[in-house]
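Reading through the structure tokens given below for one structure.
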Amino acid sequence: AWTKHQVSGFKDKDEFESEVVRHVETTLARSMFNCDESAAYSAASLAFRDRLILEWNRTQQRQTFADSKRVYYLSLEFLMGRALDNAMLNIGLKDVAKSGLSELGFRIEDIIEQEHDAALGNGGLGRLAACFLDSLASLNYPAWGYGLRYRYGIFKQEIIDGYQVEVPDYWLDFNPWEFPRHDVTVDIQFYGYVHKVQDESGRFVSRWEGGETVKAVAYDVPIPGYDTPSTNNLRLWSSKAASGEFDFQKFNNGEYESSVADQQRAETISAVLYPNDNLERGKELRLKQQYFWVAASLYDIVRRFKKSKRAWREFPDQVAIQLNDTHPTLAIVELQRILVDLEGLEWDEAWNIVTATFGYTNHTVLPEALEKWPVGLFQHLLPRHLQIIYDINLFFLQSVERKFPGDRDLLRRVSIIEESQPKMVRMAFLAIVGSHKVNGVAELHSDLIKTTIFKDFVNIFGVDKFTNVTNGITPRRWLHQANPRLSALIKSKVGSLDFLKDLTLLNKIELSINDKEFRREWADIKYSNKVRLAKHIKESTGVSVDPSALFDVQVKRIHEYKRQQLNIFGVIHRYLTLKAQSPEERKKAQPRVTIFGGKAAPGYWMAKQIIHLINTVGNVVNNDKDIGDLLKVVFLEDYNVSKAEIITPASDISEHISTAGTEASGTSNMKFVLNGGLIIGTCDGANIEITREIGENNIFLFGNLAEDVEDLRHSHTYGNHQIDPDLAKVFEEIEKGTFGNPHDFASLISAVRDHGDYYLVSDDFRSYIETHALVDEAYKNQEEWITKSITSVARMGFFSSDRCINEYAEGIWNIEPLKTQTKD
Ligand code: 26W
């Protein structure tokens, strides 16, 4: 629709075809006679890429010319998924590509599927960053993402004999979506020592010298906005040996092996994404990754600022930097170092600039996920940064002492340095002290951080420093791309695709709630999405499922706090109940397919046991003749973004059942509801706001509340802990060996029965089972169900990541969209 900008590339299918042919024959050096789907994917991507490049250059020029404030989103993870489909839809030429490819003898779906997911993330945090990039470009904000270009993304998961096996994800063989910038490099220093010298004016300055240097090379990924002229930039850094004289000398001296080893050591920094989600393990290489990425990004940002020749105090008027969790917190220290050591600013002046620049988003309250680094490791790897952290801490604690004189316990509690053995740097505290705003990602979560882990900081800095920005998702990928038929049906009622830019327009479909044809089509779309998923299940697991059964889905990282164990225990309970019934009684049961998917961190023993139990239960249940289609249990291997695009539109109900107070927000809950699925969930994270928006008749809530969790845990430890009798029967059955060697599941059971049931599986079991019975009943009334489904979708406008990004822009970054030429 922004034809003024449409000068590059192709305008119709014939031009698109000739571009594809040209790329096959010249760029790929192949002949059209042996152009397979993979080559067609490559050529189609290159054709779209050509168009993006020109828009991208123009966007960058426009932003430079406008000279307005930019936001930099620093994230160690960007879980982008596939790019081609997204580029076609955002540019608005998918139909052209479809008919062009069809004339060349290809189905567009097959071509799209050739692409390897860009899986540079673990789960929610990484996918949120990807949705944010889509919204920033779609809203014309001048924004850059900064991350690491991992050679290996999140591992691929294979299920072998019911166990998770990890396979490396080497994804860079052919990646048309990145542009190496061999001219954009930064030398990054590690180790070495600090000494003080006097400059010309007699002032003492710190010099960080010696150690080793690694080169950061920029790789740029274009991020097209939806129906806008903006194509923003995601800059990913790759590590390389700094080819210094030293290596060269080694090489000349015949020390080939050692010179190669240096090179490999340098390249190791950006080699692999750490596969832990919500677990901090304190590895030196991880800290190296963090500094490498942060230092390169800040150098780049500062270099760009310096071109404007402004005074340093204007830095925060030009630059906002958002820290996606504590992983980039070193950026605070690095900017202070640049300003004081390299640019010669006074400490206080520098610190005011730093704190005005940064915002920090917290994504978890789990204590085991909070980053802490041993002081000794810092001293060794980043000696100057440790000194600066000590100074930041000193000035901070002095200010606390002035405000609360004599409260030594407070000083101990809030100190950035934990006086433990060994001493630790608390990254979250550093992030709070060095930022002007701190936000949580859903209302309950933002309240919890204010009253628990960051309580003291609310007293010190005042409550206004702490805020909430409830997460959102991009409706472009999660509705239009994943569920094109639903998007088209909604369009027929809204009148246009404008709801993809203003999701609140969805409320218009509620007017059609009694429209018979509309309802029939709504149900038909869900059914065909289920048929598609059933086909995928058959192909990947060999299990046949009936698409008219109730599809119950739980897909997310496997974690005890997310309680996939509660789900599978519930499934066992259902199985036992069915088994105990007569064939007559069974006929009344609602047929169900319970679908799981998700990766366990490779070192997370309990999570791996959960996967194993799901698979063994599936084996038994799926082959039980008494049960037939009444219950199927499947575990889909290698859950990732592109699989989510197939699974999400196909659920009738999805499970978001974390122990209350543990899931910061959740975002797949939003995706499922937006696709017409209902949800069963606890009063946790964004489930609460989803309930507020869609109405409590349209959601199945169960379980204890966050405010009661602490007392329950206390009573488990100090009281007489009785587990739920039905759950006890489930345990008995597992221990009988019904689902394989009971020894394999002993620790899953004892976590609940013998070790305090930290996640309240037993406390919530009864209400979980009862609520599932309500789900079965509700599903039997299909008309009611469809009404709930339509009503929910109509009321999901709030959960667009566009709303979310606008809140960040206004409340935290103080930036405005760039004015672009008006559309025609
Ligand atoms: C240091 C190890 C580590 C790695 C990743 C610790 C913590 C993380 C992430 C912060 C975990 C994460 O992805 N959190 C999720 O963030 C989503 C986006 O805000 C929320 O929707 C999820 O509830 C939250 O678990």
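Just so you know, ligand 1 is whichever comes first in the structure, and atom 1 is the first atom listed for that ligand. We use all heavy atoms of the structure for the numbers below, so side chains are in, but hydrogens, waters and symmetry mates are not.
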| Contact between Gly123 and ligand 1, counting heavy atoms under 4.0 Å? | no
(Q) Under 6.0 Å from the ring centre and within 45 degrees of the ring axis: does the NZ or CZ of Arg803 meet both conditions for the six-membered ring of Phe798? (A) yes
Exercise for review: Determine whether any heavy atom of Asn122 lies closer than 4.0 Å to an atom of ligand 1.
Suggested key: no
among protein heavy atoms, the one nearest atom 1 (C) of ligand 1 is Glu280 OE1, 3.2 Å
min-distance protein heavy atom vs atom 20 (C) of ligand 1 -> Gly666 N, 3.7 Å
Task: Close N or O approach (Ser665, ligand 1; < 3.5 Å) - done: yes
Q.
Yes or no: does Arg286 have any heavy atom under 4.0 Å from an atom of ligand 1?
A. yes
Numbered in order shown, the ligand 1 atoms found under 4.0 Å of a heavy atom of Ala369 are 6 (C)
Strictly under 6.0 Å, is that where the ring centroids of Trp373 and Phe378 end up?
no
Glu368 atom CD, neighbour heavy-atom count above 12 within 6.0 Å
yes
Problem - Side chains of Leu705 and Asp708 in contact at under 4.5 Å (non-hydrogen atoms) - result: yes
With a cut-off of 3.5 Å and sequence neighbours excluded, list every side-chain donor-acceptor pair involving residues 279-287.
from   : atom 1 : to     : atom 2 : distance (Å)
Glu280 : OE2    : Gly282 : N      : 2.7
Glu284 : OE2    : Tyr191 : OH     : 2.8

Looking only at protein heavy atoms, what sits closest to atom 2 (C) of ligand 1 is Leu279 O, 3.1 Å
Residue, atom and distance of the protein heavy atom nearest atom 11 (C) of ligand 1 read Asn278 ND2, 3.5 Å
protein heavy-atom neighbour closest to atom 12 (C) of ligand 1 works out as Leu125 CB, 3.8 Å
Atom 10 (C) of ligand 1: closest protein heavy atom, distance to 0.1 Å, is Asp325 OD2, 3.3 Å
Could you go step by step and tell me if Asn471 and Met670 meet the side chain to side chain contact (heavy atoms under 4.5 Å, CB included) rule? CA-CA 9 Å; Asn471 282 167; Met670 304 167 189; 4.0 Å; yes
Ranked by distance from atom 23 (O) of ligand 1, the top protein heavy atom is Glu663 OE1, 2.6 Å
The atoms of ligand 1 lying under 4.0 Å from a heavy atom of Tyr561, numbered in the order shown, are 25 (O)
query = Can you say whether the rings of Tyr72 and Trp144 are parallel (under 30°), tilted (30 to 60°) or perpendicular (over 60°)?
reply = tilted
To atom 19 (O) of ligand 1, the nearest of His363, His656, Gln290 on a heavy-atom basis is His363
Taking only non-hydrogen atoms of Asn276 and a 4.0 Å limit, the atoms of ligand 1 in range are 4 (C)
So CG of Asn233 and CZ of Arg70: to nearest 0.5 Å the spacing works out to 10.5 Å
The atoms of ligand 1 lying under 4.0 Å from a heavy atom of Ala664, numbered in the order shown, are 23 (O)
| Ring centroid separation for Tyr73 and Phe132, is it under 6.0 angstrom? | yes
Nearest non-hydrogen contact to atom 18 (C) of ligand 1 from the set Val441, Val365, Asn471 belongs to Asn471
- Task: Give the ring-plane orientation class for Tyr291 versus His385, where under 30° counts as parallel, over 60° as perpendicular and anything between as tilted.
- Result: perpendicular
Within 45° of the six-membered ring axis of Phe457 and under 6.0 Å from that ring's centre, is NZ or CZ of Lys465 located there? no
